[in-house]
Structure formats: C-alpha cells, structure tokens
Amino acid sequence: MPPKPTVLVTRKLPAAVEARLARDYDARLNASDKLLSADEIVAGVQNADALLPCPTCKVTADMIRRFPDRLKAIATFSVGYEHIDVKAAKERGIVVGNTPDVLTDATADIALLLMLGAARGASEGERVVRDAAWGAWAPTGMLGVHMTGKRLGIYGMGRIGQAVAKRARAFDMKIHYHNRSRLSPDLEQGAVFHARAEDMLPHSDFLSINAPATAETTGFLNAARIKLLPDGAIVVNTARGPLVDDEALIAALKSGKLFAAGLDVYAGEPAINPAYRSVSNAFLLPHLGSATTETRVAMGMKAVDNLDAFFAGKPLPARVV
Ligand code: DGY
C-alpha cells in the first residue's frame, strides 16, 4: 500500500472530520487548537504533501516560498480564501480548494438574525434583561423599526446573497441588488439589478454586504456611500470586515444617519475597532456565520473531499486555483 499523504491541519476540526483525516492521511492534527504562527506552519508542513488551513491562518507568499517542493495542495476550511496568497501558490504549482455551498444557508440565517437584531435593538434588550434593568413595559420604550415590507439592498448576489434574498422575501421585502453581472431572471426572482452599487444604495432601507473580500471591494462601505443610503437605514455585514470603513460606519451610527448595524465580521478580528463596543445601536456577533455543527462538519468534509480528489489525480470539487 502506498504511504498515506501527509497533511498539516492548522486548527482543531469537528471530530468526524478529524477521524476521516486520521483514517485516510498521515494527519498532523492540532489537538490543543493553539493558533500557529507563520513559522510554526512552515515548520509543520516540512515533509508534508498538503496543508489544511482555516481563515485564522494567513498563508503568505513568503510562507509559500518556504514550503517543501512536495507540498502541492492547500484545502482551506472556508469559502473565503483571501487569507491565502493564491498567486504565490499557483506560481509554485500548488492547487488551492475551498468549501463553497455548504455554508450558504448558515451564513444567510445569520444575516437575517443581524437584520432583525439590529432593527429591533436585540443587544440593548438583552442587556437590560441580564442587568436586571428592565423597568415597566412602555408604549414608547425601546422602539425598533419594522423589517417587513422594507427594501433590502444586497451588495454581492452570489450564493449567500441569493439565500439572504430568499429569506427576506418571507418578510415581504423588496429586493435590490448589485453584482458584477446581472443574474438570470430565474435567479433574480424579481429582484431589481443595479449596475452601479451607488444606484442601489438609495433604495436600501436595509443593506446586506455579501461580496467576497477583494482589492475592488475593500473599503466599499465608506462615508460617501453611507451618505447615499436612506436616513435611518440598517447595515449588516456577514462577508468580510475590510469591506467596511469602520470609522465611517461608527460615525454614521453615532450621528443617527444609520438606525443600526449588525456585524458578524470585522477588519482585524478578533481585535475589532474598540469603538464598536460602546455603540449601543450596533448588534455584534463574533464571526458566527458558518458556526453550526452541521455546517462545520460539512465544511471539513468538503475540505477533505478536495484533498481526496487531489491525491486521486481527479479535479477538485471546489478549486480556487
Ligand atoms: C468562510 O468560510 O469564509 C467563513 O467566513 C467562515 O465562517
């Protein structure tokens, strides 16, 4: 029997995924779930054939240059792959796979949770109950805004954006979207396409950010674009933090230009801009988009499917480069 391929797994994964890795690979697992430094990852892949990283591990061009020649596959435990220098990987003949589709529903669910949580003041409400600061029910107390029937602008109408739209339709929301290309009518389902994001923003009582992090999308939601939103709009982000200019968003939340924001992702997370913590109209979650047991197991299995295909000489089910 040929030796099993060796793979470095940078984080602790769900048990079922680790069991499959241990069965089919010479798997270097991370039982303590300690965050590995760049040098530790480079040391860990010596004499290895593959790397299975998570979005918390940057895989830079410099690291890739120091990878052994025999390492030819990177299977990330994520749909996003901006943490990997895919150009450098390609140059070294390393294929990169990711985990699309399996986290679409979980992430879209969190987007709706953020929309409702931001619109209805869920953070503040929960704090009041926990702090035993709940006075009498008041006709004018803690008033949120209605989500039903409002207009939702979706920036990035890929798999997750479409799943957000599907859920929002159950709230009778009118969907507007901006995407690099217009969807076919069967996918659009009556949503209004805007070739320029700037044309969509004035129609967005709610704005959901669902585009990947790229050089073009970085800093998308800046002060100028926030100005284009209706007064009292609500912004939610389940994509990536760097799409938002934090200072501009915080200023708009403080001034009341925006009614609220719901955020699951942040630039520099977990070291988020500290000003968010004191903004009471921000509903903040710690990157929970894909955090269900079912989804995390499916992501791990998909990452291993990518490795299996690679070592069987077959096309990866989800190949990035
Ligand atoms: C991903 O897979 O890119 C997600 O952000 C993880 O939740």
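One is the number of the first residue; the rest follow in order along the sequence. Whatever order the structure lists ligands and atoms in, that order sets their numbers, starting from 1.
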Exercise. So which protein residues pack against ligand 1 under 4.0 Å, heavy atoms counted?
Worked result: Ser78, Val79, Gly80, Leu103, Arg240, His287, Ser290, Met299
Seminar exercise, completed: Nearest heavy-atom contact between Glu124 and Ser280 is OE1-CB, 4.1 Å
For this session: Just do the side chain to side chain donor-acceptor pair (under 3.5 Å) check on Asn98 and Ser78 with the steps written out, would you?
Result: CA-CA 6 Å; Asn98 68 340; Ser78 58; over 6 Å; no
Exercise. Do you see a donor-acceptor pair shorter than 3.5 Å between the side chains of Ser184 and Asp186?
Worked result: yes
For this session: Could you list the residues that satisfy ring-ring contact (aromatic ring centres under 6.0 Å, His included) with His176, not counting sequence neighbours?
Result: His194, His203
Problem set entry | Residues which pass ring-ring contact (aromatic ring centres under 6.0 Å, His included) with Phe220, listed by chain and number, not counting sequence neighbours | Tyr155
For this session: Return the set of residues passing ring-ring contact (aromatic ring centres under 6.0 Å, His included) with Phe193 (not counting sequence neighbours), or none when no residue passes.
Result: Tyr177
